Amino acid sequence: MKEIRWHGRGGQGAVTAAEVLAIAAFKDGKFSQAFPHFGVERRGAPVMAFTRIDDKFIRLREHVYNPDYVVVLDPTLISAVDVTQGLKQDGMIIINTTKSADEIKQEIGKDYTVRVVDATNIALEIIGKPFVNMPMLGAFAKATGVVSINSVQEAIREKFRENKSVAEKNVEATLKTYESLK
Amino acid sequence: MVKKILEASHAVAEAVKLCRPQVLGMYPITPSTHIPERLSEFVNNGEMDAKLIRVEAEFSAISSIVGASAAGSRVFTATSSQGLALMNEVLYAASGMRLPIVMVVANRALSAPINIWNDWQDAISERENGWIQFFVESSQEAVDTIIQAYKIAEDERVYNPVIVNIDGFYLTHVYEPVDIPDQEQVDNFLPPLNYKYKLDPTNPKTHGPFAYPVPYAKLKKRNFEDFHSFTPIIKEVHDDFAKEFGRSYGDGVIEEYKNDRPYVILTMGSLSGTVKEFVDSRDDVGLVRLRQYRPFPFEEVRNALEGKEMVLVVEKDVAFGSRSGAVFLDLRNALFDMKDKPRINNGIGGVGGTDITREDLGKAIDELKNKDGEIYWFEMRG
(Lines give C-alpha, C1' and ligand atoms only; values in the text may rest on other atoms or scores of the structure.)
Protein backbone atom coordinates (compact mmCIF):
# COMPACT_ATOMS: atom_id res chain seq x y z
CA MET A 1 0.00 0.00 0.00
CA LYS A 2 1.17 3.51 -0.80
CA GLU A 3 0.26 6.42 1.46
CA ILE A 4 0.38 10.00 0.23
CA ARG A 5 0.15 13.14 2.33
CA TRP A 6 -0.87 16.41 0.73
CA HIS A 7 0.20 19.72 2.26
CA GLY A 8 -1.54 22.88 1.16
CA ARG A 9 -3.15 26.02 2.48
CA GLY A 10 -6.90 26.30 3.08
CA GLY A 11 -8.49 27.09 -0.29
CA GLN A 12 -5.70 25.59 -2.44
CA GLY A 13 -7.59 22.36 -2.99
CA ALA A 14 -5.42 19.78 -1.23
CA VAL A 15 -8.53 17.74 -0.35
CA THR A 16 -9.70 17.78 -3.97
CA ALA A 17 -6.22 16.69 -5.11
CA ALA A 18 -6.33 13.76 -2.66
CA GLU A 19 -9.78 12.83 -3.95
CA VAL A 20 -8.89 13.09 -7.66
CA LEU A 21 -5.77 10.98 -7.08
CA ALA A 22 -8.02 8.32 -5.51
CA ILE A 23 -10.32 8.45 -8.55
CA ALA A 24 -7.32 8.19 -10.92
CA ALA A 25 -5.87 5.17 -9.09
CA PHE A 26 -9.30 3.52 -9.18
CA LYS A 27 -9.38 4.09 -12.94
CA ASP A 28 -6.01 2.33 -13.12
CA GLY A 29 -7.71 -0.73 -11.59
CA LYS A 30 -6.41 -0.18 -8.06
CA PHE A 31 -8.25 0.46 -4.83
CA SER A 32 -7.99 3.80 -3.10
CA GLN A 33 -9.14 5.89 -0.20
CA ALA A 34 -8.88 9.66 0.34
CA PHE A 35 -9.72 11.86 3.28
CA PRO A 36 -8.97 15.31 4.68
CA HIS A 37 -7.15 15.93 7.90
CA PHE A 38 -10.15 15.83 10.22
CA GLY A 39 -10.69 19.31 11.48
CA VAL A 40 -11.79 22.86 10.97
CA GLU A 41 -10.38 24.45 7.83
CA ARG A 42 -9.56 28.12 7.49
CA ARG A 43 -8.56 29.84 4.27
CA GLY A 44 -4.79 30.28 4.13
CA ALA A 45 -4.00 28.10 7.13
CA PRO A 46 -1.85 24.98 6.61
CA VAL A 47 -4.05 21.97 5.78
CA MET A 48 -3.40 18.31 5.03
CA ALA A 49 -5.16 15.60 3.08
CA PHE A 50 -4.37 11.96 2.47
CA THR A 51 -4.65 9.30 -0.22
CA ARG A 52 -4.11 5.56 0.17
CA ILE A 53 -3.62 3.31 -2.88
CA ASP A 54 -3.48 -0.49 -2.81
CA ASP A 55 -4.19 -3.61 -4.88
CA LYS A 56 -7.05 -4.63 -2.59
CA PHE A 57 -9.92 -2.83 -0.83
CA ILE A 58 -8.50 -0.59 1.89
CA ARG A 59 -9.99 -1.43 5.27
CA LEU A 60 -7.44 0.48 7.33
CA ARG A 61 -8.92 3.65 8.82
CA GLU A 62 -6.24 4.93 11.17
CA HIS A 63 -4.58 8.25 10.36
CA VAL A 64 -1.61 8.27 7.97
CA TYR A 65 1.48 8.42 10.19
CA ASN A 66 4.26 7.24 7.85
CA PRO A 67 3.57 8.37 4.28
CA ASP A 68 5.53 7.10 1.28
CA TYR A 69 5.13 10.41 -0.53
CA VAL A 70 4.54 14.00 0.48
CA VAL A 71 3.19 16.54 -2.02
CA VAL A 72 3.59 20.20 -1.11
CA LEU A 73 1.34 22.65 -2.96
CA ASP A 74 2.77 25.81 -1.39
CA PRO A 75 6.55 26.33 -0.98
CA THR A 76 6.09 28.66 2.01
CA LEU A 77 4.77 25.70 4.01
CA ILE A 78 8.30 24.35 4.45
CA SER A 79 9.05 27.01 7.04
CA ALA A 80 5.57 26.75 8.62
CA VAL A 81 5.15 22.98 9.18
CA ASP A 82 7.38 19.91 9.23
CA VAL A 83 6.41 18.43 5.87
CA THR A 84 8.78 15.48 6.45
CA GLN A 85 7.11 14.38 9.70
CA GLY A 86 6.85 10.57 9.72
CA LEU A 87 7.96 10.34 6.07
CA LYS A 88 9.47 6.92 5.35
CA GLN A 89 13.28 6.72 5.07
CA ASP A 90 13.04 6.06 1.33
CA GLY A 91 10.15 8.49 0.97
CA MET A 92 9.91 11.31 -1.54
CA ILE A 93 8.89 14.97 -1.42
CA ILE A 94 7.30 16.51 -4.50
CA ILE A 95 7.05 20.25 -4.21
CA ASN A 96 5.74 23.22 -6.14
CA THR A 97 8.63 25.69 -6.12
CA THR A 98 10.88 27.82 -8.30
CA LYS A 99 13.91 26.53 -6.39
CA SER A 100 16.10 23.55 -7.24
CA ALA A 101 15.84 20.18 -5.51
CA ASP A 102 19.21 20.81 -3.79
CA GLU A 103 18.04 24.15 -2.43
CA ILE A 104 14.88 22.52 -1.01
CA LYS A 105 16.95 19.69 0.51
CA GLN A 106 19.10 22.28 2.28
CA GLU A 107 16.01 24.13 3.55
CA ILE A 108 14.54 20.91 4.91
CA GLY A 109 17.88 19.76 6.27
CA LYS A 110 17.10 16.06 5.68
CA ASP A 111 18.31 13.60 3.09
CA TYR A 112 15.12 12.76 1.22
CA THR A 113 14.58 12.49 -2.53
CA VAL A 114 13.12 15.82 -3.62
CA ARG A 115 11.41 16.48 -6.97
CA VAL A 116 10.51 20.03 -7.94
CA VAL A 117 8.25 21.74 -10.46
CA ASP A 118 7.15 25.35 -10.90
CA ALA A 119 3.46 24.51 -10.90
CA THR A 120 2.38 28.05 -9.99
CA ASN A 121 3.90 29.44 -13.16
CA ILE A 122 2.42 26.64 -15.28
CA ALA A 123 -1.02 27.19 -13.71
CA LEU A 124 -0.85 30.95 -14.32
CA GLU A 125 0.17 30.39 -17.91
CA ILE A 126 -2.43 27.72 -18.79
CA ILE A 127 -5.31 28.04 -16.31
CA GLY A 128 -4.84 31.78 -15.79
CA LYS A 129 -4.99 31.42 -12.01
CA PRO A 130 -2.53 29.97 -9.48
CA PHE A 131 -4.54 26.75 -8.99
CA VAL A 132 -1.83 24.14 -8.50
CA ASN A 133 -3.71 21.22 -6.95
CA MET A 134 -4.59 19.46 -10.23
CA PRO A 135 -1.29 20.32 -11.93
CA MET A 136 0.63 18.77 -9.01
CA LEU A 137 -1.11 15.48 -9.82
CA GLY A 138 0.84 15.45 -13.09
CA ALA A 139 4.09 15.94 -11.18
CA PHE A 140 3.07 13.17 -8.76
CA ALA A 141 2.32 10.76 -11.62
CA LYS A 142 5.71 11.42 -13.21
CA ALA A 143 7.72 11.31 -9.98
CA THR A 144 6.19 8.13 -8.54
CA GLY A 145 4.67 6.07 -11.36
CA VAL A 146 2.02 5.09 -8.78
CA VAL A 147 -0.71 6.40 -11.06
CA SER A 148 -0.86 6.86 -14.83
CA ILE A 149 -1.06 10.33 -16.36
CA ASN A 150 -3.96 9.16 -18.52
CA SER A 151 -6.02 8.19 -15.50
CA VAL A 152 -5.12 11.46 -13.78
CA GLN A 153 -6.44 13.35 -16.78
CA GLU A 154 -9.60 11.20 -16.97
CA ALA A 155 -10.17 11.73 -13.25
CA ILE A 156 -9.89 15.51 -13.69
CA ARG A 157 -12.42 15.37 -16.54
CA GLU A 158 -14.77 13.39 -14.30
CA LYS A 159 -14.36 15.71 -11.32
CA PHE A 160 -14.91 18.86 -13.39
CA ARG A 161 -17.48 17.38 -15.79
CA GLU A 162 -19.80 20.33 -15.20
CA ASN A 163 -17.22 22.79 -16.49
CA LYS A 164 -15.49 21.41 -19.53
CA SER A 165 -13.18 24.35 -20.21
CA VAL A 166 -11.89 24.34 -16.62
CA ALA A 167 -11.36 20.59 -16.93
CA GLU A 168 -9.40 20.86 -20.19
CA LYS A 169 -7.18 23.67 -18.90
CA ASN A 170 -6.35 21.57 -15.84
CA VAL A 171 -5.69 18.54 -18.00
CA GLU A 172 -3.30 20.58 -20.13
CA ALA A 173 -1.53 22.01 -17.08
CA THR A 174 -1.21 18.50 -15.66
CA LEU A 175 0.59 17.33 -18.78
CA LYS A 176 2.91 20.34 -18.60
CA THR A 177 3.90 19.63 -14.96
CA TYR A 178 4.30 15.96 -15.90
CA GLU A 179 6.82 16.98 -18.56
CA SER A 180 8.48 19.77 -16.56
CA LEU A 181 9.18 17.87 -13.32
CA LYS A 182 12.81 18.05 -12.27
CA MET B 1 -24.70 -0.87 -10.59
CA VAL B 2 -22.01 1.76 -10.83
CA LYS B 3 -18.85 1.39 -8.81
CA LYS B 4 -17.17 4.71 -8.21
CA ILE B 5 -15.17 6.75 -5.74
CA LEU B 6 -17.57 8.75 -3.62
CA GLU B 7 -17.45 10.57 -0.33
CA ALA B 8 -19.38 8.39 2.13
CA SER B 9 -21.80 11.25 2.91
CA HIS B 10 -22.59 11.55 -0.79
CA ALA B 11 -22.97 7.77 -1.06
CA VAL B 12 -25.45 8.00 1.83
CA ALA B 13 -27.38 10.71 -0.03
CA GLU B 14 -27.44 8.52 -3.16
CA ALA B 15 -28.81 5.61 -1.11
CA VAL B 16 -31.48 7.82 0.45
CA LYS B 17 -32.48 9.07 -3.02
CA LEU B 18 -32.83 5.47 -4.23
CA CYS B 19 -35.23 4.77 -1.36
CA ARG B 20 -37.54 7.57 -2.55
CA PRO B 21 -38.42 9.22 0.77
CA GLN B 22 -41.22 11.75 0.39
CA VAL B 23 -40.39 14.10 3.27
CA LEU B 24 -36.94 15.18 4.47
CA GLY B 25 -36.66 17.22 7.66
CA MET B 26 -33.10 18.57 7.54
CA TYR B 27 -30.85 20.67 9.72
CA PRO B 28 -27.09 20.60 9.06
CA ILE B 29 -24.54 19.81 11.75
CA THR B 30 -20.91 18.69 11.40
CA PRO B 31 -20.00 15.98 10.46
CA SER B 32 -23.39 15.03 8.97
CA THR B 33 -23.69 18.23 6.90
CA HIS B 34 -22.67 16.86 3.51
CA ILE B 35 -25.71 14.55 3.61
CA PRO B 36 -28.39 17.31 3.72
CA GLU B 37 -26.27 19.39 1.32
CA ARG B 38 -26.30 16.69 -1.34
CA LEU B 39 -29.97 15.82 -0.71
CA SER B 40 -31.00 19.44 -1.14
CA GLU B 41 -29.10 19.50 -4.45
CA PHE B 42 -31.04 16.42 -5.56
CA VAL B 43 -34.37 18.01 -4.62
CA ASN B 44 -33.40 21.34 -6.17
CA ASN B 45 -32.34 19.89 -9.52
CA GLY B 46 -35.37 17.62 -9.74
CA GLU B 47 -33.53 14.32 -9.27
CA MET B 48 -35.58 13.68 -6.15
CA ASP B 49 -39.32 14.12 -5.80
CA ALA B 50 -39.43 14.95 -2.10
CA LYS B 51 -40.48 17.75 0.19
CA LEU B 52 -37.35 19.02 1.93
CA ILE B 53 -38.26 20.99 5.03
CA ARG B 54 -35.51 23.40 6.09
CA VAL B 55 -36.19 23.65 9.79
CA GLU B 56 -34.63 25.92 12.42
CA ALA B 57 -33.17 23.17 14.61
CA GLU B 58 -33.00 19.40 15.05
CA PHE B 59 -35.99 19.28 17.40
CA SER B 60 -38.09 20.48 14.46
CA ALA B 61 -36.28 18.23 11.98
CA ILE B 62 -37.39 15.12 13.84
CA SER B 63 -40.80 16.59 14.75
CA SER B 64 -41.55 17.36 11.10
CA ILE B 65 -40.81 13.82 9.98
CA VAL B 66 -42.68 12.27 12.91
CA GLY B 67 -45.78 14.08 11.63
CA ALA B 68 -45.11 13.12 8.02
CA SER B 69 -44.42 9.50 8.97
CA ALA B 70 -47.63 9.27 10.98
CA ALA B 71 -49.43 10.55 7.87
CA GLY B 72 -47.98 7.63 5.92
CA SER B 73 -44.96 9.20 4.16
CA ARG B 74 -41.55 7.63 3.86
CA VAL B 75 -39.21 10.05 5.66
CA PHE B 76 -35.54 10.73 6.36
CA THR B 77 -33.28 12.90 8.45
CA ALA B 78 -29.62 12.95 9.41
CA THR B 79 -27.83 14.50 12.35
CA SER B 80 -24.87 14.32 14.75
CA SER B 81 -23.99 14.86 18.40
CA GLN B 82 -25.83 17.90 19.87
CA GLY B 83 -28.37 17.59 17.07
CA LEU B 84 -29.29 14.09 18.19
CA ALA B 85 -29.33 15.22 21.82
CA LEU B 86 -31.71 18.05 20.92
CA MET B 87 -34.04 15.50 19.28
CA ASN B 88 -34.11 13.39 22.42
CA GLU B 89 -37.69 14.01 23.58
CA VAL B 90 -39.14 13.37 20.12
CA LEU B 91 -37.10 10.17 19.61
CA TYR B 92 -39.09 8.55 22.42
CA ALA B 93 -42.35 9.77 20.86
CA ALA B 94 -41.32 8.25 17.49
CA SER B 95 -40.54 4.85 18.98
CA GLY B 96 -43.56 4.95 21.31
CA MET B 97 -45.76 5.48 18.25
CA ARG B 98 -43.78 2.77 16.39
CA LEU B 99 -43.23 4.98 13.35
CA PRO B 100 -41.15 3.57 10.45
CA ILE B 101 -38.58 6.41 10.39
CA VAL B 102 -34.98 6.07 9.16
CA MET B 103 -32.28 8.42 10.41
CA VAL B 104 -28.54 8.52 9.82
CA VAL B 105 -26.39 9.62 12.73
CA ALA B 106 -22.88 10.73 11.79
CA ASN B 107 -21.34 9.97 15.16
CA ARG B 108 -19.62 12.79 16.99
CA ALA B 109 -18.60 13.66 20.55
CA LEU B 110 -20.99 15.57 22.81
CA SER B 111 -20.24 18.95 24.43
CA ALA B 112 -18.82 20.28 26.73
CA PRO B 113 -16.12 21.09 25.78
CA ILE B 114 -17.15 21.55 22.16
CA ASN B 115 -15.60 18.88 19.95
CA ILE B 116 -16.59 18.16 16.35
CA TRP B 117 -14.74 14.85 16.06
CA ASN B 118 -15.86 11.25 16.12
CA ASP B 119 -16.88 9.13 19.06
CA TRP B 120 -20.03 7.19 19.89
CA GLN B 121 -21.32 9.04 22.93
CA ASP B 122 -24.20 10.57 20.93
CA ALA B 123 -25.68 7.24 19.78
CA ILE B 124 -24.78 5.41 22.99
CA SER B 125 -26.64 8.04 25.02
CA GLU B 126 -29.74 7.12 23.00
CA ARG B 127 -29.50 3.43 23.75
CA GLU B 128 -32.74 3.29 25.78
CA ASN B 129 -34.88 5.25 23.34
CA GLY B 130 -36.49 2.26 21.61
CA TRP B 131 -34.92 2.79 18.16
CA ILE B 132 -33.18 -0.02 16.32
CA GLN B 133 -29.51 0.96 15.87
CA PHE B 134 -26.92 -0.22 13.36
CA PHE B 135 -23.23 0.67 13.20
CA VAL B 136 -21.55 0.28 9.79
CA GLU B 137 -17.94 -0.31 8.76
CA SER B 138 -17.72 1.16 5.24
CA SER B 139 -19.41 3.48 2.75
CA GLN B 140 -20.78 0.41 0.99
CA GLU B 141 -22.29 -0.92 4.18
CA ALA B 142 -23.82 2.51 4.89
CA VAL B 143 -25.52 2.46 1.48
CA ASP B 144 -26.73 -1.12 1.88
CA THR B 145 -27.87 -0.65 5.47
CA ILE B 146 -29.97 2.42 4.64
CA ILE B 147 -31.86 0.42 2.01
CA GLN B 148 -32.32 -2.45 4.47
CA ALA B 149 -33.31 -0.02 7.25
CA TYR B 150 -36.40 1.14 5.34
CA LYS B 151 -37.37 -2.45 4.63
CA ILE B 152 -37.00 -3.32 8.33
CA ALA B 153 -38.72 -0.20 9.69
CA GLU B 154 -41.67 -0.63 7.30
CA ASP B 155 -42.14 -4.35 7.93
CA GLU B 156 -45.57 -4.78 9.57
CA ARG B 157 -44.03 -7.10 12.14
CA VAL B 158 -41.63 -4.32 13.13
CA TYR B 159 -43.01 -0.79 12.50
CA ASN B 160 -40.21 0.79 14.45
CA PRO B 161 -37.75 3.65 13.80
CA VAL B 162 -34.14 2.85 12.84
CA ILE B 163 -30.84 4.71 13.30
CA VAL B 164 -27.94 3.94 10.97
CA ASN B 165 -24.74 5.11 12.66
CA ILE B 166 -21.78 6.08 10.50
CA ASP B 167 -18.59 7.33 12.14
CA GLY B 168 -18.09 11.07 11.73
CA PHE B 169 -15.01 11.94 9.59
CA TYR B 170 -13.67 8.34 9.69
CA LEU B 171 -16.49 7.56 7.25
CA THR B 172 -18.46 10.71 6.47
CA HIS B 173 -15.48 12.52 4.95
CA VAL B 174 -13.75 9.53 3.34
CA TYR B 175 -13.73 8.91 -0.41
CA GLU B 176 -13.67 5.23 -1.31
CA PRO B 177 -15.10 2.86 -3.92
CA VAL B 178 -18.80 2.16 -3.56
CA ASP B 179 -21.42 0.36 -5.65
CA ILE B 180 -24.53 2.47 -6.03
CA PRO B 181 -27.37 0.05 -6.85
CA ASP B 182 -29.78 0.57 -9.75
CA GLN B 183 -33.04 2.36 -9.07
CA GLU B 184 -35.01 -0.54 -10.50
CA GLN B 185 -33.31 -3.02 -8.22
CA VAL B 186 -34.04 -0.88 -5.15
CA ASP B 187 -37.64 -0.33 -6.26
CA ASN B 188 -38.10 -4.10 -6.49
CA PHE B 189 -36.62 -4.62 -3.05
CA LEU B 190 -38.38 -1.69 -1.41
CA PRO B 191 -41.94 -1.14 -2.65
CA PRO B 192 -43.74 2.12 -1.79
CA LEU B 193 -44.67 2.45 1.86
CA ASN B 194 -48.20 1.46 2.71
CA TYR B 195 -48.32 2.30 6.41
CA LYS B 196 -51.31 0.53 7.94
CA TYR B 197 -51.92 3.01 10.73
CA LYS B 198 -51.49 6.26 8.83
CA LEU B 199 -53.44 9.33 9.84
CA ASP B 200 -56.35 9.62 7.45
CA PRO B 201 -59.20 12.17 7.61
CA THR B 202 -61.64 9.64 6.15
CA ASN B 203 -60.77 7.17 8.90
CA PRO B 204 -59.81 9.34 11.87
CA LYS B 205 -57.46 7.98 14.54
CA THR B 206 -54.92 9.31 17.03
CA HIS B 207 -51.24 8.46 17.52
CA GLY B 208 -49.55 8.68 20.91
CA PRO B 209 -52.44 10.14 22.94
CA PHE B 210 -52.74 10.32 26.73
CA ALA B 211 -52.57 6.93 28.48
CA TYR B 212 -53.54 6.11 32.05
CA PRO B 213 -51.08 4.04 34.13
CA VAL B 214 -52.34 0.56 33.25
CA PRO B 215 -52.66 0.97 29.44
CA TYR B 216 -49.34 2.84 29.44
CA ALA B 217 -47.60 0.05 31.34
CA LYS B 218 -49.15 -2.58 29.06
CA LEU B 219 -47.92 -0.76 25.96
CA LYS B 220 -44.42 -0.34 27.37
CA LYS B 221 -44.26 -4.02 28.29
CA ARG B 222 -45.32 -4.90 24.77
CA ASN B 223 -42.78 -2.51 23.21
CA PHE B 224 -40.07 -3.96 25.42
CA GLU B 225 -40.95 -7.55 24.49
CA ASP B 226 -41.47 -6.78 20.80
CA PHE B 227 -38.08 -5.14 20.58
CA HIS B 228 -36.13 -8.37 20.84
CA SER B 229 -38.40 -10.08 18.31
CA PHE B 230 -36.94 -7.78 15.62
CA THR B 231 -33.61 -9.60 15.36
CA PRO B 232 -34.82 -12.56 13.23
CA ILE B 233 -36.64 -10.13 10.91
CA ILE B 234 -33.49 -8.02 10.57
CA LYS B 235 -31.59 -11.18 9.57
CA GLU B 236 -34.31 -12.07 7.09
CA VAL B 237 -34.15 -8.63 5.44
CA HIS B 238 -30.34 -8.85 5.37
CA ASP B 239 -30.51 -12.28 3.68
CA ASP B 240 -33.08 -11.08 1.12
CA PHE B 241 -30.83 -8.11 0.39
CA ALA B 242 -27.81 -10.40 -0.02
CA LYS B 243 -29.72 -12.52 -2.54
CA GLU B 244 -30.83 -9.50 -4.53
CA PHE B 245 -27.70 -7.33 -4.35
CA GLY B 246 -24.92 -9.89 -3.76
CA ARG B 247 -23.49 -8.32 -0.62
CA SER B 248 -23.73 -9.49 2.97
CA TYR B 249 -22.43 -8.51 6.40
CA GLY B 250 -22.02 -11.56 8.63
CA ASP B 251 -25.48 -12.80 9.56
CA GLY B 252 -26.81 -9.24 9.39
CA VAL B 253 -26.51 -8.85 13.14
CA ILE B 254 -22.88 -9.62 13.97
CA GLU B 255 -19.88 -10.22 11.71
CA GLU B 256 -17.11 -12.65 12.72
CA TYR B 257 -13.63 -12.30 11.24
CA LYS B 258 -11.02 -15.01 11.86
CA ASN B 259 -12.98 -15.85 14.98
CA ASP B 260 -11.28 -19.23 15.44
CA ARG B 261 -8.65 -17.77 17.76
CA PRO B 262 -8.42 -17.62 21.58
CA TYR B 263 -8.58 -13.83 21.91
CA VAL B 264 -11.28 -11.61 20.44
CA ILE B 265 -11.77 -7.91 19.92
CA LEU B 266 -15.44 -6.98 20.01
CA THR B 267 -16.22 -3.58 18.52
CA MET B 268 -18.48 -1.67 16.11
CA GLY B 269 -18.35 0.77 13.22
CA SER B 270 -15.46 1.88 11.01
CA LEU B 271 -12.84 0.90 13.58
CA SER B 272 -13.56 -2.71 12.57
CA GLY B 273 -11.60 -2.16 9.34
CA THR B 274 -8.47 -1.24 11.28
CA VAL B 275 -9.08 -4.18 13.63
CA LYS B 276 -9.29 -6.56 10.63
CA GLU B 277 -5.87 -5.32 9.46
CA PHE B 278 -4.54 -5.82 12.99
CA VAL B 279 -6.03 -9.32 13.14
CA ASP B 280 -4.29 -10.18 9.86
CA SER B 281 -0.93 -9.31 11.45
CA ARG B 282 -1.47 -11.80 14.30
CA ASP B 283 -2.36 -15.45 14.73
CA ASP B 284 -4.01 -15.25 18.16
CA VAL B 285 -6.71 -12.55 17.81
CA GLY B 286 -10.03 -12.48 15.94
CA LEU B 287 -12.84 -9.96 15.56
CA VAL B 288 -16.52 -9.96 16.42
CA ARG B 289 -18.22 -6.87 15.07
CA LEU B 290 -21.62 -5.77 16.28
CA ARG B 291 -23.51 -4.54 13.24
CA GLN B 292 -26.75 -4.40 15.18
CA TYR B 293 -26.29 -2.56 18.48
CA ARG B 294 -29.97 -2.14 19.38
CA PRO B 295 -31.53 -4.59 20.09
CA PHE B 296 -28.30 -6.03 21.49
CA PRO B 297 -27.80 -9.45 19.85
CA PHE B 298 -27.39 -11.51 23.02
CA GLU B 299 -27.66 -15.01 21.52
CA GLU B 300 -25.41 -14.29 18.55
CA VAL B 301 -22.73 -12.75 20.75
CA ARG B 302 -22.83 -15.63 23.24
CA ASN B 303 -22.46 -18.17 20.45
CA ALA B 304 -19.60 -16.25 18.85
CA LEU B 305 -17.68 -16.00 22.14
CA GLU B 306 -18.13 -19.51 23.46
CA GLY B 307 -14.85 -21.12 24.50
CA LYS B 308 -12.76 -17.95 24.13
CA GLU B 309 -9.95 -17.05 26.53
CA MET B 310 -10.44 -13.32 26.61
CA VAL B 311 -12.66 -10.74 24.91
CA LEU B 312 -11.57 -7.12 24.65
CA VAL B 313 -14.49 -4.77 24.06
CA VAL B 314 -13.20 -1.67 22.28
CA GLU B 315 -15.57 1.26 22.34
CA LYS B 316 -15.60 5.03 21.85
CA ASP B 317 -17.92 5.92 24.72
CA VAL B 318 -18.44 5.66 28.47
CA ALA B 319 -21.45 4.70 30.58
CA PHE B 320 -21.31 7.25 33.36
CA GLY B 321 -21.78 5.70 36.78
CA SER B 322 -21.33 2.16 35.52
CA ARG B 323 -17.54 2.00 35.74
CA SER B 324 -17.21 0.96 32.08
CA GLY B 325 -18.26 1.62 28.52
CA ALA B 326 -21.86 0.95 27.52
CA VAL B 327 -21.17 -1.91 25.10
CA PHE B 328 -19.19 -3.67 27.83
CA LEU B 329 -22.26 -3.56 30.11
CA ASP B 330 -24.34 -5.42 27.56
CA LEU B 331 -21.59 -7.93 26.90
CA ARG B 332 -21.17 -8.66 30.63
CA ASN B 333 -24.95 -9.08 30.81
CA ALA B 334 -24.93 -11.42 27.79
CA LEU B 335 -22.23 -13.64 29.30
CA PHE B 336 -23.50 -13.53 32.90
CA ASP B 337 -24.90 -17.08 33.13
CA MET B 338 -22.58 -18.67 30.56
CA LYS B 339 -20.52 -21.63 31.75
CA ASP B 340 -16.73 -21.33 31.28
CA LYS B 341 -17.20 -17.79 30.08
CA PRO B 342 -14.23 -15.86 28.70
CA ARG B 343 -12.47 -13.18 30.67
CA ILE B 344 -13.64 -9.77 29.49
CA ASN B 345 -11.85 -6.43 29.46
CA ASN B 346 -12.94 -3.02 28.30
CA GLY B 347 -10.79 -0.79 26.10
CA ILE B 348 -12.04 2.76 25.89
CA GLY B 349 -10.55 4.88 23.12
CA GLY B 350 -11.29 7.05 20.13
CA VAL B 351 -13.02 9.53 22.44
CA GLY B 352 -13.34 13.04 20.98
CA GLY B 353 -11.63 12.00 17.75
CA THR B 354 -8.48 10.43 19.20
CA ASP B 355 -7.10 7.79 16.84
CA ILE B 356 -6.85 4.05 17.55
CA THR B 357 -4.03 2.38 15.59
CA ARG B 358 -3.07 -1.26 14.96
CA GLU B 359 -0.12 -0.70 17.26
CA ASP B 360 -2.45 0.51 20.05
CA LEU B 361 -4.64 -2.59 19.61
CA GLY B 362 -1.57 -4.83 19.90
CA LYS B 363 -0.44 -3.13 23.11
CA ALA B 364 -3.93 -3.45 24.61
CA ILE B 365 -4.30 -7.14 23.73
CA ASP B 366 -0.84 -8.02 25.05
CA GLU B 367 -1.39 -6.15 28.29
CA LEU B 368 -4.87 -7.56 28.92
CA LYS B 369 -4.49 -11.18 27.74
CA ASN B 370 -4.38 -12.60 31.27
CA LYS B 371 -6.54 -9.97 32.97
CA ASP B 372 -10.24 -9.85 33.73
CA GLY B 373 -12.65 -6.96 34.24
CA GLU B 374 -10.06 -4.24 33.55
CA ILE B 375 -10.99 -0.82 32.22
CA TYR B 376 -8.16 0.17 29.89
CA TRP B 377 -7.79 3.60 28.32
CA PHE B 378 -6.10 3.65 24.94
CA GLU B 379 -3.24 6.04 24.31
CA MET B 380 -4.72 9.40 23.30
CA ARG B 381 -3.29 10.42 19.95
CA GLY B 382 -4.48 12.58 17.07
Side-chain angles (χ1 to χ4, degrees), chain A residues 1 3-4 6 13-42 47-67 85-86 137 147 151-152 154-162, chain B residues 3-10 30-31 34 41 45 108-109 114-118 137-141 167-179 257 267 269-281 287 289 349-350 352-361 378 381-382:
Chain A
M1 180 163 65
E3 295 182 312
I4 299 103
W6 296 82
V15 179
T16 307
E19 177 199 352
V20 173
L21 177 58
I23 296 171
F26 192 60
K27 285 182 185 296
D28 275 340
K30 293 183 176 161
F31 287 91
S32 52
Q33 179 194 69
F35 53 97
H37 175 70
F38 305 155
V40 218
E41 287 190 6
R42 290 161 298 140
V47 299
M48 287 188 289
F50 308 90
T51 311
R52 286 191 170 111
I53 299 173
D54 204 353
D55 297 325
K56 55 184 197 308
F57 181 79
I58 298 163
R59 299 178 299 192
L60 188 67
R61 298 195 186 275
E62 62 186 45
H63 296 178
V64 170
Y65 294 95
N66 300 111
Q85 192 179 30
L137 283 166
V147 68
S151 291
V152 164
E154 283 311 304
I156 291 172
R157 289 193 176 102
E158 182 180 314
K159 178 69 187 172
F160 297 98
R161 62 186 173 276
E162 277 154 31
Chain B
K3 194 159 190 174
K4 52 185 172 182
I5 303 279
L6 275 182
E7 193 193 53
S9 295
H10 293 165
T30 302
H34 295 180
E41 280 171 30
N45 66 19
R108 163 184 158 182
I114 292 175
N115 176 296
I116 61 164
W117 290 274
N118 170 241
E137 185 190 321
S138 64
S139 295
Q140 188 67 62
E141 194 184 355
D167 282 310
F169 294 106
Y170 280 98
L171 271 184
T172 55
H173 286 55
V174 170
Y175 297 81
E176 66 183 19
V178 57
D179 261 341
Y257 184 75
T267 191
S270 68
L271 178 64
S272 311
T274 301
V275 174
K276 283 174 182 172
E277 289 297 325
F278 166 68
V279 162
D280 281 354
S281 72
L287 164 72
R289 172 170 77 94
T354 49
D355 197 30
I356 298 177
T357 66
R358 290 161 292 176
E359 191 188 332
D360 297 333
L361 293 165
F378 278 88
R381 60 169 94 227

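Residue numbering restarts at 1 for every chain, and letters A, B, ... go by the order of the sequence lines. Keep in mind the model is a prediction, meaning the values are calculated, not measured.
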Query - Per-residue contact mode, B/D280 against chain A (heavy atom under 4.5 angstrom) - result: side chain
Report task. Just give me the residue among A/E158, A/K27, A/H63, A/H37 that pairs up with chain B most often, heavy atom to heavy atom, under 4.5 Å. Result -> A/H63
Report task. Would you check if B/Y175 and A/I23 make a side-chain contact, meaning some heavy-atom pair closer than 4.5 Å? Result -> no
Report task. Flag the pair A/V64 / A/I4 as yes when at least one side-chain heavy-atom distance between them is below 4.5 Å, and no otherwise. Result -> no
**Report entry** Residues B/H173 and B/E7: side-chain donor-acceptor under 3.5 angstrom
**Finding:** no
Query raised in the report: Hey, are A/K159 and A/E154 close enough for a salt bridge, meaning a charged N less than 4.0 Å from a carboxylate O?
Result: no
Report task. Below 4.5 Å from any heavy atom of chain A, which atoms of B/I116 appear? Answer side chain, backbone, both or neither. Result -> side chain
Query - Any B/L271 side-chain heavy atom under 4.5 Å of B/E137 side chain - result: no
**Report entry** Most contacts with chain A, counted as non-hydrogen pairs under 4.5 angstrom, among B/D355, B/N118, B/T274, B/I5
**Finding:** B/D355
Query raised in the report: So which part of A/F50 gets closer than 4.5 Å to some heavy atom of chain B, the side chain, the backbone, both or neither?
Result: neither
Query raised in the report: Where does B/L6 contact chain A at under 4.5 Å (heavy atoms): side chain, backbone, both or neither?
Result: neither
